[in-house]
Visitor: 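Shown below is the structure under consideration.
In what follows, chains carry the letters A, B, and so on, assigned in the order in which the sequence lines appear, proteins first and then strands, with residues in each chain numbered from 1.
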Number of protein chains: 2
Amino acid sequence: MTNYLIRGMVLPMTGAEDFYPDGEVAVHGDRIAAVGERGAVAGDFRPDRIIDLPQHVIMPGLINTHTHAAMTLLRGYADDLPLMPWLEKKVWPYEARMSAADIYWGSALALCEMLKSGTTTMVDMYMSQDETARAVLEAGTRALLARGAIVPDPETGRKAIEESTALYHKFHNQGNGRIKVLFGPHAPYTCTGEFLREVKQEADRLGTGMHIHLAETQTELATIRERYGTTPVRWLESLGFFGGHVIAAHGVHLDEEEIGLLAQYRVGVAHNPESNMKLSSGTAPIPRLLAAGVAVGLGTDGASSNNDLDMFGEMRSAAFQQKLVGSPEDLKAYTVLEMATAGGARVVGIPEIGKLVPGYKADLIAVNMNQPHFYPRFSILSHLVYCAGGRDVSTAMVDGRILMEDRCLLTLDEQRICREVEQRAKRIAAEVQ
Amino acid sequence: MTNYLIRGMVLPMTGAEDFYPDGEVAVHGDRIAAVGERGAVAGDFRPDRIIDLPQHVIMPGLINTHTHAAMTLLRGYADDLPLMPWLEKKVWPYEARMSAADIYWGSALALCEMLKSGTTTMVDMYMSQDETARAVLEAGTRALLARGAIVPDPETGRKAIEESTALYHKFHNQGNGRIKVLFGPHAPYTCTGEFLREVKQEADRLGTGMHIHLAETQTELATIRERYGTTPVRWLESLGFFGGHVIAAHGVHLDEEEIGLLAQYRVGVAHNPESNMKLSSGTAPIPRLLAAGVAVGLGTDGASSNNDLDMFGEMRSAAFQQKLVGSPEDLKAYTVLEMATAGGARVVGIPEIGKLVPGYKADLIAVNMNQPHFYPRFSILSHLVYCAGGRDVSTAMVDGRILMEDRCLLTLDEQRICREVEQRAKRIAAEVQ
């Protein structure tokens, strides 16, 4: 059990006015013991180590509520293409040739990048999640893992539920609770109604949640309309899919009644502005979702539709996108920061992360503000959203353990991971051709 | 006269296929002597220094075609406000209290940030441009400077032309030609028609160009419609404003005929996607401008409407914004890179920058690709647009002189500049209240 006393400008994300320009955070084991002005921590707290970062903002680690980590293997493999040729000619043939070991290395690369840009928790949906779980346990980060299930028939459905259940029993709450396992029905248009009903029952039986793509594109809306004569959210509601813990990725195309349903069933929305822009999906109605009381987090989506995993960039893009379609007052800096931290915690259903509060898990990052683009210092909130990039993060801690210091990763062999991914990605691409 | 041989992955921006994975660039004095595969440089070239950067992309320095450098003093001072209250209650009262010395330090901070994010040339419009010129000469960068002129009456117009002419005589072609002085009539809605005619004559007389805001907002369109019964571009054409070298910032609201006029008169457009999003100005018709043959560059606008000066972020946002309103095929990576380099060179009217070509000025940067977010390396073009940030730039050279190496600025006292700006900005803000 290590005790840390971390000093700097402390932004606890407990309210828009809460900020300690000369503050400190005490960490005892895996939890935050105290937060406040310098000197506020009780005199009987004996730090094993004092970390003095006077020019840094100490804030909660960022929560990436929707990604496909191992898709780093596809980064830059295919861009600037229309959706269907991109999927059919590029993404799917490539993914079909990925091995379990490839998934491990691709996930490890994503975790390197996430830590180096301030993300301490991710919600992941992909294949071979055992491999991703292994990488997360080694990295020391926090993750919610869902085996993505595309289910056109009962046989595929049985297999998906078996594998997801096995994943749950093997990894749920492993790593001092750092890993949670969810079910991952891919989307309303890629899974049968029968499977969506079954998976909800299984999730309820195990007492865990589900992660699903929802209302991402106009094509999805047209498909659901044609097949079931309704909209994606209403279709899921009619199946009894809601009621438990659900993380819905995207939520771009929603009418007022659907927003009401998401609020009523406490469905969390993972907003992915950069993916939505790059793939021309549209603009999610974030101000209306927030006004309705829906929990909204931010996500990067996979590296093939973004193409980085930098949540600071995502914050900036979230604000810009809403202001473009609305007014400059939409999605103010603090609201965006909240989506990336405390809002994300609501979406992932882990109440003890996303804020710096005594008793919460010690998941935090330090952002180096002693750089030209952070002067003058009128507003730390504005700077974090409109000027910061992931590369400004110098230190990252998860569960009370330092995983990065002075931008050096302490649990992951960054250079080896980069080399492995380079070789594997080139091998897969050669096989596709 | 120093000779450098710089080795790395060379991206000359002479065509989408032109790339030397193991290349070199020879620099003789202020110019590029040779570019090609390693070993391509003639045997009689004697480098004083070899700079070996095998994991870096060597590419042309970026050209920021529209900014207000000293507005770094306002960074984070006021955000998330509607346009008019933002200008009337925040920006203008603050600017009214800025001294010439403040402008110097604000400009110096902008130059620190620009070099640290790969920008080697800027087009600036602001007050007290003598001070900005001084900062540019010290920094060693390249700049086109225009005294911004808001002219409601003849008296103000006379003063603006006098001062601009004095600025021209004092600084045009100073610093081995690194500084160009333009005229800076602020916008069609802030200057009288008479002044716009006069300033065009003066620019012609001196043989220099003009920099103007044009068709930025719907409010501007409504104002011009009400006053003159036409649109901003047609209004300027009717005044005989076009024909010489004109850099038009924004160009958000343009119809097909106006795009044709811009092409016909060879007006360069400075596209500022992040400012246009943050201030809810709209989306400029970039694909249509490019299709019409209009020269389009990228700009950050000032730090109060962005809020950073990172041209890599601007490239990313340019692509995202167009894809959002169009299709994923719009504004492909190479096109965006071209806007930030060779396209920018066309806009600023300096044919010898923006590409790495023998005989061109040696304005170049090195981007460190040995980081997790740049793996695997399927496409350097994609990575530079969709994954790179300014902080990935390690080295910057302008006019054959190294201005930054390993992210250390060699001509600017970064820490002192940050401190000065902090004190001055806080002083000005206190005076406003």
Visitor: Check each atom of A:N370 against the heavy atoms of chain B and say whether the ones under 4.5 Å are side chain, backbone, both or neither.
Guide: both

Visitor: Which one, A:A110, A:S280, A:S117, leads in non-hydrogen pairs under 4.5 Å with chain B?
Guide: A:S280

Visitor: Heavy atoms only, distances under 4.5 angstrom: which of B:Q322, B:K332, B:H383, B:R316 has the most pairs with chain A? Name it, please.
Guide: B:R316

Visitor: Test salt bridge (charged side-chain N to carboxylate O under 4.0 Å, His left out) on B:E422 and B:R427 and set out the steps.
Guide: CA-CA 9 Å; B:E422 181 71 7; B:R427 184 211 81 227; over 6 Å; no

Visitor: With a 4.5 angstrom heavy-atom cut-off, which part of A:L73 approaches chain B: side chain, backbone, both or neither?
Guide: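 Only the backbone of A:L73 comes within 4.5 Å of chain B.
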
Visitor: Report the distance from atom CE of B:M339 to atom CG of B:L298, rounding to the nearest 0.5 Å.
Guide: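 Separation between the atoms: 4.0 Å.
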
Visitor: Could you look at A:N306 and say if it's the side chain, the backbone, both or neither that has a heavy atom under 4.5 Å from chain B?
Guide: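 Answer is both: backbone and side chain atoms of A:N306 are under 4.5 Å from chain B.
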
Visitor: To the nearest 0.5 Å, tell me how far A:L115 CG sits from A:M404 CE.
Guide: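 Reported to 0.5 Å precision, the distance equals 6.5 Å.
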
Visitor: So for A:E414, is it side chain, backbone, both, or neither that comes closer than 4.5 Å to the heavy atoms of chain B?
Guide: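 Only the side chain of A:E414 comes within 4.5 Å of chain B.
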
Visitor: I need the B:L83 CG to B:S281 OG distance, nearest 0.5 Å.
Guide: 7.0 Å

Visitor: Identify which of B:K426, B:E274, B:E113 forms the greatest number of heavy-atom pairs closer than 4.5 Å to chain A.
Guide: B:E274

Visitor: May I have the step-by-step check of side chain to side chain contact (heavy atoms under 4.5 Å, CB included) for B:H56 and B:M9, ending in yes or no?
Guide: CA-CA 6 Å; B:H56 290 61; B:M9 300 180 259; 5.8 Å; no

Visitor: Looking at chain B, which one of A:I417, A:D392, A:V421, A:T72 has the largest number of heavy-atom pairs inside 4.5 Å, strictly under?
Guide: A:D392

Visitor: If you define the side chain from C-beta out and look only at heavy atoms, does anything of A:V367 sit under 4.5 Å from A:F312?
Guide: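 Touching, per the 4.5 Å side-chain cut-off.
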
Visitor: Using 0.5 Å steps for rounding, measure from the CG atom of B:L337 to the CG atom of B:L381.
Guide: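 That separation rounds to 6.0 Å.
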
Visitor: Which atoms of A:A333 are under 4.5 Å from chain B, going by heavy atoms: the side chain, the backbone, both sets, or neither?
Guide: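 When you check distances to chain B, atoms from both the backbone and side chain of A:A333 fall under 4.5 Å.
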
Visitor: So which part of B:Q415 gets closer than 4.5 Å to some heavy atom of chain A, the side chain, the backbone, both or neither?
Guide: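 For B:Q415, the contact with chain A is made by the side chain alone.
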
Visitor: On a heavy-atom basis, which atom in A:E314 and which in A:T300 lie closest, and how many Å separate them?
Guide: OE1-CA, 3.7 Å

Visitor: Between B:Y386 and B:F320, what is the ring plane arrangement, given parallel below 30°, perpendicular above 60°, and tilted in between?
Guide: parallel

Visitor: Under a 4.5 Å heavy-atom cut-off, does chain B meet the side chain of A:K278, its backbone, both or neither?
Guide: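 It is both, since atoms from each part get that close.
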
Visitor: Check whether any side-chain heavy atom of B:L309 sits under 4.5 Å from a side-chain heavy atom of B:T119, and report yes or no.
Guide: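 Contact flag for B:L309/B:T119 side chains = no.
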
Visitor: Of the backbone (N, CA, C, O) and the side chain (C-beta and beyond), which part of A:R424 lies under 4.5 Å from a heavy atom of chain B, both, or neither?
Guide: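 Looking at A:R424, nothing touches chain B.
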
Visitor: Which one of A:N307, A:L331, A:D79 has the most heavy-atom pairs closer than 4.5 Å to chain B?
Guide: A:N307

Visitor: If you count heavy-atom pairs under 4.5 Å between each of B:K116, B:Q371, B:E329, B:R391 and chain A, which one has the most?
Guide: B:R391

Visitor: Kindly indicate, with the supporting measurements, whether the criterion salt bridge (charged side-chain N to carboxylate O under 4.0 Å, His left out) is fulfilled by A:K323 and B:D80.
Guide: CA-CA 9 Å; A:K323 290 173 198 297; B:D80 306 334; 2.8 Å; yes

Visitor: Between atom CZ of A:F374 and atom OG of A:S382, what is the distance when rounded to the nearest 0.5 Å?
Guide: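 If I round to the nearest 0.5 Å, the distance is 10.5 Å.
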
Visitor: Among the options A:A425, A:C112, A:G313, pick out the one with the most heavy-atom pairs lying under 4.5 Å from chain B.
Guide: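 Sorted descending by pairs with chain B, the first entry is A:A425.
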
Visitor: Among the options A:S379, A:A319, A:G389, A:S317, pick out the one with the most heavy-atom pairs lying under 4.5 Å from chain B.
Guide: A:G389

Visitor: With chain B as the partner, which of A:A429, A:G390, A:S327 has the greatest number of non-hydrogen pairs under 4.5 Å?
Guide: A:S327

Visitor: Give, as side chain, backbone, both or neither, the part of A:Q423 having an atom under 4.5 angstrom from any heavy atom of chain B.
Guide: neither

Visitor: Check whether A:H373 gets within reach of chain B through its side chain, its backbone, both or neither, counting any heavy atom under 4.5 Å.
Guide: both

